[in-house]
Protein chains: 2
Amino acid sequence: MKEIDSISSKQAQMRKGLLGYAVLCSIKNDEGYAATILANLKKADLLVVEGTLYPLLNRFLREGLLQYEWQESKSGPPRKYYALTEAGTATLKELEGTWKSLVKSMSKLN
Amino acid sequence: MKEIDSISSKQAQMRKGLLGYAVLCSIKNDEGYAATILANLKKADLLVVEGTLYPLLNRFLREGLLQYEWQESKSGPPRKYYALTEAGTATLKELEGTWKSLVKSMSKLN
DNA sequence: AAAAGCTACCTTTTATTACAAGGTAGTGGG
DNA sequence: CCCACTACCTTGTAATAAAAGGTAGCTTTT
């Protein structure tokens, strides 16, 4: 009952933060702004609300995983369009591995 | 952006509470006491520590999902051996479904 | 039979997460 | 020019997990 190896600690992070993984996935496949991301997650039956998404996006920006640029809209205020940075792409790749291994872990329990 | 259907809300519960699902799985397949459960989770590469497990077990007891009986040990204090109640078995079955659907959701995101 | 040490149980404190709710501001239509 | 809508963001609250610390029974050792 002592050392915490890095794999397990990443899985711990994955347990929480599943949503973050989902958000990064969505942005990878479909760059867009907040409403787009919410729609993608909803399509996948993952319910997320604005109050959850915005803090998450801003955290990822601070961490350098995402970048954005303003784009004008034909029907309303301008939008922040998000894209993965290089670091974001790398992190996402890691998270994919972690997710797979978490699924595997759960299947070991039957 | 209004109603939260019960499926999505269960998935929200699943995101958190993944650990709870794992613990119930472990008990289903191998009734035992705290150390047994920790060992099973570790075997599946899910790291959990005592300070996380005990509150969880006690919550499940309060919720009527688990029951326990004291058993003497040859080498130390008596142990609480846990088993699923009927309600626990039913809940676990539900959680299995929710887990599968969560995995499916994640796969939809690619 | 007293001390030391282990095993087992449990609680308290702290950080993080997700959500609900509320708030600001730019844009276009009437 | 005002209203409604869209889009962004913040604040406050509840739950979760982890770290750390604490109590007590049982065995072994002396």
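Each chain gets a letter, A, B and so on, in the order its sequence line appears, and its residues count up from 1. No experiment lies behind these values; they were computed from the predicted model shown.
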**Message:** Could you go through B:Thr36 and B:Ile27, starting from their C-alpha distance and side-chain angles, then the distance that decides it, and tell me whether this counts as side-chain contact (heavy atoms from CB on, under 4.5 Å)?
**Reply:** CA-CA 9 Å; B:Thr36 318; B:Ile27 294 175; over 6 Å; no
**Request:** In sequence, state the C-alpha distance, the side-chain angles, and the governing distance for A:Lys28 and A:Thr89, and then conclude on side-chain contact (heavy atoms from CB on, under 4.5 Å).
**Result:** CA-CA 8 Å; A:Lys28 176 190 135 204; A:Thr89 305; over 6 Å; no
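The residue among B:Tyr68 and A:Ser75 whose nearest nucleotide of DNA chain C is located toward the 5' end is B:Tyr68. Between A:Gly76 and A:Asn58, the one whose closest nucleotide on DNA chain D sits nearer the 5' end is A:Gly76. Nucleotides of DNA chain C nearest to B:Pro78 and A:Pro77 differ in position, and the one nearer the 5' end is that of B:Pro78. Map A:Lys16 and A:Thr52 each onto its nearest nucleotide of DNA chain D; the residue landing nearer the 5' end is A:Thr52.
Each of C:dC9, C:dT17, D:dC9 was ranked by its minimum atom distance to the side chain of A:Gln13; first place goes to C:dT17. Across D:dT10, D:dA18, D:dT6, the shortest atom-to-atom separation from the side chain of A:Arg79 is found for D:dT6. The listed nucleotides are D:dA17, C:dT17, D:dA7; the one nearest the side chain of A:Arg59 is C:dT17. With distances taken from any side-chain atom of B:Tyr82 to the nucleotides C:dC10, C:dT7, C:dA18, the minimum falls on C:dC10. Relative to the side chain of B:Arg15, the nucleotides C:dA18, C:dT11, D:dA7 differ in distance, and C:dA18 lies closest.
Nucleotide C:dC19 holds its P atom 11 Å from the CG atom of A:Leu18, rounded to whole Å. Rounded to a whole Å, the OH atom of B:Tyr81 is 11 Å from the C1' atom of C:dA8. A straight line from CG of A:Leu19 to C1' of C:dA18 spans 8 Å, rounded to a whole angstrom. Rounded to a whole Å, the CG atom of B:Leu41 is 11 Å from the P atom of D:dA18. Whole-Å rounding puts the A:Ile37 CD1 to D:dC8 C1' distance at 13 Å. Note: OH (A:Tyr54) to C1' (D:dT6) measures 9 Å, nearest angstrom. The NZ atom of A:Lys74 sits 18 Å away from the C1' atom of D:dC5 (whole-angstrom rounding). Rounded to whole Å, atom P of D:dC8 lies 13 Å from atom CD of A:Glu69.
Contact check, A:Tyr33 against D:dA7: a side-chain N or O comes under 4.0 Å of OP1 or OP2.
Counting non-hydrogen atoms under 4.0 angstrom, A:Gly17 reaches the backbone sugars and phosphates but no base.
Between B:Leu109 and A:Leu41, the closest side-chain pair of non-hydrogen atoms falls below 4.5 Å.
Put simply, B:Val48 and B:Leu92 are part of the same group of oily side chains (I, L, V, M, F, W, Y) that touch within less than 4.5 Å, one to the next.
Taking the six-membered ring where the residue is Trp, the centroids of B:Tyr81 and B:Tyr33 are separated by under 6.0 Å.
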